[in-house]
Amino acid sequence: MCGIVALVGSREASPILLEGLKKLEYRGYDSSGLATVTIDRDNKESYISCRKAQGKLTNLLRLIEKKSTLGHVGIGHTRWATHGKPEEKNAHPHLDSSGKVAVVQNGIIENHSLLRSNLEQKGIKFSSDTDTEVIPHLISEEISLLKKEGHKIGGSLLQLAVQKVLDVLKGSYAIAVIWAESPDVLIVAKSQAPLLIGFGEGEFLCASDTPAFSGFTRTILSLEDKELALITPLGVEIYDSLGNRKHRAPKLISGYESDSDKGDFKHFMLKEIFEQPETAELWITRYLPNGLPLESPVAFPFEDSFYDSIEEIQILACGTSRHAAMVGAYLLEQFAGISAKVFFASEFRYAPPPLARNVLTIGVTQSGETADTLAALSMEYERRSACNQKVFASRQLGITNRGESSLSRQVSNVIDIGAGLEVGVAATKTFLGQLLTFYGLAIIFAGRRKSRSLNEISELCNLLRGLPKQLRDLIVTHNKLAEKLSHKFSSTKDVIFLGRGINYPIALEAALKLKEISYIHAEGYPAGEMKHGPIALLDHKVPVISIANEGIVFEKVLSNAQEAKARDACLIGIAPELPETMIFDHLLPIPRTSEWISPLLTAIPSQLLSYHIAARRGLDVDQPRNLAKSVTVE
Ligand code: F6R
């Protein structure tokens, strides 16, 4: 979603801001812009130079090449439209009427309508449809008042003005502000949206996410909610909302995300699909190493006591992470024998179930920044803390791919899936890392509850250890098969995925992958549910893709597939090569394996099929329309 970069330094800001924005491109955006404070030494005045462009960053770059934006202090932004269409006028930065105050924002100002109409009544003319534009106008108003009160022009005046405006804003936001009359100063502030400050040599770079700092610095300070930072070439001063100075040292971040590169792959998504054997290998080396006792073979970073007395698990997540959680809940219940429920994070916040005792709440988010998930976790923490009884105490666990994310700061127990930076908006290798982490949890709970014998646990551990090799072979084979099969989808408008049991969430995930990158309408159903309605959609134009692995529901899924075939649907199977699976018009074969680990394999053919269908259509696979990698608004 929106990306912010801002710089105070001694070098020209625009190239550094553009480079930072480029590194945040993966978050998803539809327009971009930047502004610098330009000092005109001849006329002894400063002004804001602002450029904005609809579409890709190259459009902004072209604009700046034509008409430069000089200055050592500046702010930049990639916008993912929420309020107002993705047009140039709505791109950030937004300026006040005098053109002296410029602001970029990531988030949503919930009370913008009221603030806007108050300003309009005072005669302020707006030039965009955004919620953000109220901020520069309000800051400008405060600046005028403070000047009238006799405050001296400078950083402190701007800080006071921004703080007064923050006091009236409702919503979640991160902002960066510059003012032409105080050309050395940058103000940044945040509330429930990420903002980090990087300490370079004689310069400071602020950004929404760590990749923006690669090649700049590893020394990062993350701003906390309701904090404001006043940044000048001399240093960074942090204040709380009451204006009290706070002192906090920056941290050296480890596991730093380096520049990503597509290598020989056409798209990041394909590269990331091919990286999955490595994702599995790294996860196994870290969390399922050989040599640990069979009674506790998983090396998650928690004391044994962390798991004590947990009677129930609730999992909060969105999108692909929710699908991983659904496989996780199946494993926790069916393998480990502990009750587990999955919730849409966005729904949980406003309709939580009644409080149950001794519950572990797990938040799953690859980005660690999903506003819905963070807000749901925080609501759950607060309602449990209010209870004041040990059995209702809040116990939370985060599963993420971003060790330096807001989730990691919000939740004290975190498992980093360690999949490395995922650039493609469609989650693939992070999905695998999340799935593996749930296998780890299921093994832990099965061991603790003695719901499985040590033999069964050891068998599952060995199956997982054999996964990297299986994935390697599977990906190479299916890359070719999927490319070939993708030709059949040139005019397809609807696709149905069927799965059952542990593979039902894989059907949901396959449908999500296909729709998000190819824009083909796709639905995933539990196979047995098709006859209760969706079967009405079927005819020869609607391919039905069935995920069928040997196990308790194998024959059932095959019968459900036959029902589709009888309605002339083109039948594709993600299934082992067996006499029973000859019913499929096309088979995407998976190795014969235990049902328990089958989702780790069945997910692959549909990832590759979605990829090749979208790539054949010439679509922007890595940055599909309207989507964002980090969904930082609710
Ligand atoms: C799908 C996808 C999204 C995300 C969802 C949650 O490929 O990437 O559905 O899974 O937006 O994101 P995280 O996992 O960052 O919370």
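All ligand and atom numbering here is 1-based and tracks the order in the structure. Values below: every heavy atom of this structure, side chains too, minus hydrogens, waters and symmetry copies.
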Check Asp622, Asp30, Asp620 against Lys56 for a salt bridge (charged side-chain N to carboxylate O under 4.0 Å, His left out) and give me the one that passes.
-> Asp620
Heavy-atom nearest neighbour of atom 3 (C) of ligand 1 within options Thr373, Thr320, Thr370 = Thr320
Among Gln366, Glu516, Glu509, the residue with a heavy atom nearest to atom 7 (O) of ligand 1 is Glu516
Could you tell me whether Lys493 sits above the aromatic face of Tyr519, with NZ or CZ closer than 6.0 angstrom to the six-membered ring centre and within 45 degrees of the axis?
-> no
Nearest heavy-atom neighbours spanning Glu110 and Gly171 = CD-CA, 3.8 Å
Val425 N/O to ligand 1 N/O under 3.5 Å = yes
What do you reckon, does His323 put a non-hydrogen atom under 4.0 Å from ligand 1?
-> no
Would you say Asp372 contacts ligand 1, with heavy atoms under 4.0 Å as the rule?
-> no
So which heavy atom in the protein is nearest [atom], and how far is it from that ligand atom?
| atom | value |
| --- | --- |
| atom 5 (C) of ligand 1 | Cys318 O, 3.8 Å |
| atom 15 (O) of ligand 1 | Ser367 OG, 2.6 Å |
| atom 14 (O) of ligand 1 | Ser321 OG, 2.5 Å |
| atom 11 (O) of ligand 1 | Val631 CG2, 3.8 Å |

With a cut-off of 4.0 Å, which atoms of ligand 1 are near a heavy atom of Lys513?
-> 1 (C), 7 (O)
What distance do Thr78 atom OG1 and Lys22 atom NZ have between them, rounded to the nearest 0.5 Å?
-> 11.0 Å
May I ask you to decide whether Asp209 forms a salt bridge with Lys629, counting only side-chain N to carboxylate O separations under 4.0 Å?
-> no
Test side-chain hydrogen bond (donor to acceptor under 3.5 Å, both in side chains) applied to Ser367 and Arg27, step by step | CA-CA 10 Å; Ser367 64; Arg27 290 165 71 86; over 6 Å; no
